[in-house]
Every structure is written in C-alpha cells, then in structure tokens.
Amino acid sequence: MLEFLHGIIEGFMPSVLVCFNPACRAKYAVTEVIYNCPRCGGLLEATKPELTQTPAQLKKLWRERRMNNTPIDQSGVWRYREFINFLDSESHIVTLREGNTPLLVSPKAARYAGLDHVVFKHQGFNPTGSFKDNGMTCGVSQAMRLKMQRVACVSTGNTSASMAAYASAAGLDPIIFIPNGNISYGKLAQALEYGAKTFQVDANFDQILALVRTLAEKLGIYLLNSINPFRIEGQKTIMVELMDQRDWKVPDWVVLPGGNLGNVSAFGKALREMLELGFIDKLPRLAVIQAADSAPFYTFMQDGGKGEFHSVTKPETLATAIKIGDPISWPKALLEVTTTGGVVESVTEQEIADAKAQIGAAGIGCEPASAATLAGIKKLITAGVMKQDADVVAVLTGNVLKDPDYIYKYHTGALDSPHGKRLLSTYGNRPIIVPNDPDRIAALLN
Ligand SMILES: *Cc1c(COP(=O)(O)O)cnc(C)c1O
Ligand SMILES: [Zn+2]
C-alpha cells in the first residue's frame, strides 16, 4: 500500500477495491489483478473518492480545465480525475479525448414521447462511437499501470471496438474473442481496423469467457470485460460531466438502456458519491430500459427485486448492444435503481425502431439500443410514472453509424424482428427511384 501514498497525483487519496457483497466487503489493493472477490466471488468496486478540496473548489477547477490544452484536461473523463482516484501517476493515462459529449434537445422527439422537453446526452460522440470509451480509457490506463502488455475481452460489440482503439493507442496488444457466427460487422470492423488480434471460437459466450479467464491467468493477459471495476469508474464521469454541463442542476430522471447493467451501476455510484460528497443536493431517478426479449432485470424488478434473479437463456433483440440474457452487474443495478427510486421498463422491437427513426429525424441519430430510452420514456409517460413536464435526460449510448444495415432495412420496409416478424416502417424514408428527367423529378418535389 505504501506506493500509493507517494503517488504523484495531488489532491486526493487513492482508492482500494472492495467486495460489493454486503456479507463480505473484503478489501484489496487496486494493484491486485483480480476481477471478482477472491474470497466470495462477488463483484468488486473502487472505494469512494476522498477529496482534499471542497466541491466548490473542484467544480471551479474542473471548469477551468476545459480551457487547457493538455490531453488529460481535454479528456471529458480525466478532467474529473479527483473523482476516479485509482491511479497513482498521470503517466499511465491513455486518452483519445473521450467524453466531452454534447447535450442535445429536440422538441420533435419530446413531443413523440409525450414530454414538454427532453435532453439527450449523446455518448455516440465518443472517439469510437459509444460510451464504452469513457470506461475503456480507465481500464487500459490501469493495464498500463499494471505493466500488462496484452489485454482481452469477449465481445462482438462496442466493447471490442473501444478496447482495440485504446490498447493500440497505448502500444498494447488487444485480443478479442468472439462467438462463432454471431457477428455485428460495423463494430467488428472497427476492432479489426484498430489492430485487434481476433479469435472466432466455436463456443457460446459463457464457454468463451471461461476459456479467456484460463488464458488470462496462464499468459498474464489483462481482462477488460464489463465487470472490470476501473471501467465502471470511468463511466461514472458521464454523470459528473452531465451535472457540470447543467451547472449542477439535477434532473428529475436519467434514462438509459440496460444490457449487462454496468452503465446503470456506474451512473448510480457516481450520483450517490456526488450526493454524499456534497456536489449535488438530491438524486435523479434512474430509468433503465430493456428490450422485451432480453429483459431479465425488468422481470426481476417487477416485485422490487425481492425474488430470485432469473437469466434469460436465449435473449433476442435487434438492439445487439443490449442483447444480454445474464447481466453480470445486476446486484449493483438493483442497489442503484432502488436507491434513486428508479424504475425498469421494457420495450418491443417496433417501439425501439420507431423511436430510433424519430431521434434520427430530429437530426440526432443513434444506434438501436440507445433508442430504447425514448421508447421507454413514451411508455412511462403513458403509464403515468413520468410526468409530462418532468426534467428528463436520456443517455444515447451509441452512434448512428454503428448499425447502418438496420437503418436501411427499417426505411425500406425490410426489417424483421429476431422472430422473423416484419416490422412496420412507420417513419420510413425510402430512396425514390426516378428517371433522368427534370420534369418528373420536379413533379415529385412539388
Ligand atoms: C454496452 C452498451 C449498452 C449496454 O450497457 P450496459 O452497461 O451493458 O448495460 C447500451 N448501448 C450501447 C450502445 C452499448 O454499447
Ligand atoms: Zn467478497
């Protein structure tokens, strides 16, 4: 532990890892290469920041850093480094200027959902196009600190795209494992382009995860899967940046899609810590939206999370980023949704597709999983859970270009649900085939 005390990052005490299981709460140094609690197998989390400056001082400092040209101050994650205090030296930081994502408003999208006003925080503006970058900058920086040369994850999606970029930027070797036949090309293309060594394994997700764990231990590879507690620390800054952008005015609701539930865990942790440390004076309610056929957390929370958690054996949805049947972070998500007085909702494929087209038609655009937010808001308004004049922030998690195939099919009436049901092209905008004839085209434009 002594090495922490001589860290060169000034102004805060470094955190330790704590087991999330309330019956255990074992503590470990942040330099231990562990992914679960060695004693009980529970999830791990970094302890709350111990600040040496007041919230007022830090709010001022964080605002001032936006004016600096140094890479870590330009980063929308590391600008808030006092709040994610696991590193002992800034020299380990790997940044691609992640975060800094805009707040966008759309009266049209608000009207669609039945709200007076809605704000989108668009994480698709990140370097690799999703919020995974907020976490990955921390995960890869930790790999640097641990002097790991190789990093790995099991993913066909945004995690692999992000890990590949950050690892390669750091001079590390990214290794990606993907299940056979289950590939999302937009995201995999990024991983290949960013130089990840990619193994397609003839096994299912859980089997591959077990395989990778064995390999990781044997070969000294650092795992960057979604339970990595440092990735969660990085994703906390999405909420810190949001509050900073709103001059610390807390919204009534923060709405986000739920897959593995790492993001809701990060948001809830950030909000609780900001409240406990005096940065904000209340908590927003978290609303987690799942796709109907990949909704184990929704089902679990129907009775407030008192029963047993049942995973979904064969999750289905075209919103591949939330196609998760066994969300690893559910115990954390349960705490965060409960603490904030939050809710969990589920939405159909058609509801996601139509909400997505509305977000697109507002000039904003997002990938399918992100659109679950607006679809969920519409349902919560109809159900009377959310009020029409509520102050609502919806977090759009990924970029519109992640899934162009889905978009083209929706607009041309060729999008089928995973069960083979043709979805309606409710807000379709299909290309029009015309002859090379100005009069005919002019007639169509009248
Ligand atoms: C990873 C991801 C999600 C799901 O986030 P979890 O932390 O797994 O709940 C949602 N949307 C996009 C675009 C993602 O990449
Ligand atoms: Zn434990």
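Just so you know, ligand 1 is whichever comes first in the structure, and atom 1 is the first atom listed for that ligand.
- When non-hydrogen atoms are compared, ligand 1 lies under 4.0 Å from the side chain of Ile322 (C-beta onward) but not from its backbone.
- Remark: Asn21 CG to Asn36 CG distance equals 11.5 Å, nearest 0.5 Å.
- Residues Tyr28 and Val18 fail the side-chain proximity criterion, which asks for heavy atoms closer than 4.5 Å.
- One finds no salt bridge joining Arg79 and Asp73 here, because no Lys/Arg side-chain nitrogen approaches an Asp/Glu carboxylate oxygen to under 4.0 Å.
- A salt bridge does not link Glu241 to Arg246: none of the charged nitrogens lies less than 4.0 Å from a carboxylate oxygen.
- Any N or O atom pair closer than 3.5 Å counts here, and Ser370 shares no such pair with ligand 1.
- Across all non-hydrogen atoms, the minimal contact from Pro327 to Asn260 is CA-OD1, 3.4 Å.
- Under the 4.0 Å criterion applied to side-chain N and carboxylate O atoms, Glu217 and Arg213 are not assigned as salt-bridge partners.
- The backbone and the side chain of Thr397 each have at least one atom closer than 4.0 Å to an atom of ligand 1 (non-hydrogen atoms only).
- Using a 4.0 Å cut-off to heavy atoms of Gly262, the atoms of ligand 1 that qualify are 6 (P), 7 (O), 9 (O).
- Of all atoms in ligand 1, listed by their number and element, those nearer than 4.0 Å to a heavy atom of Lys132 are 1 (C), 2 (C), 3 (C), 14 (C), 15 (O).
- Applying side-chain contact (heavy atoms from CB on, under 4.5 Å) to Gln123 and the options Leu396, Asn399, Val395 leaves one that passes, Val395.
- For ligand 1, the atoms closer than 4.0 angstrom to any heavy atom of Glu367 are 13 (C).
- For Cys24 atom SG and Cys19 atom SG, the angle they make at the Zn ion (ligand 2) is roughly 110°, to 10 degrees.
- Inclusion of Gln235 in the set of residues having an N or O under 3.5 Å from an N or O of ligand 1 is not warranted.
- For ligand 1, the atoms sitting less than 4.0 Å from at least one non-hydrogen atom of Phe131 are 1 (C), 2 (C), 3 (C), 5 (O), 7 (O), 10 (C), 12 (C), 14 (C), numbered in the order shown with element in parentheses.
- Below 3.5 Å of separation, one finds an N or O of Asn260 facing an N or O of ligand 1.
- Pro251 is listed as a side-chain neighbour of Met243, based on a closest heavy-atom distance under 4.5 Å.
- Polar contact check, Ala321 against ligand 1: no nitrogen or oxygen pair lies under 3.5 Å apart.
- Cation-pi geometry between Lys356 and Tyr410 is not satisfied (NZ or CZ under 6.0 Å from the ring centre, within 45° of the ring normal).
- Looking at Asp354 and Gln350, their side chains do bring a donor and an acceptor atom within 3.5 Å of each other.
- Counting heavy atoms under 4.0 Å from ligand 1, residue Lys402 does not touch it at all.
- Between Gly258 and ligand 1, no N or O atom pair is found at a separation short of 3.5 Å.
- Asn263 N, 2.8 Å is the protein heavy atom nearest to atom 7 (O) of ligand 1.
- Residue Gly398 approaches ligand 1 through these ligand atoms, each under 4.0 Å from one of its heavy atoms: 13 (C).
- Heavy atoms of Ser226 come nearer than 4.0 angstrom to ligand 1 in no pair at all.
- Contact annotation: for Ala369 versus ligand 1, heavy atoms closer than 4.0 Å belong to the side chain alone.
- Look at Arg231 and Glu233 and you find no salt bridge, because none of the NZ, NE, NH1 or NH2 atoms lies under 4.0 Å from a carboxylate O.
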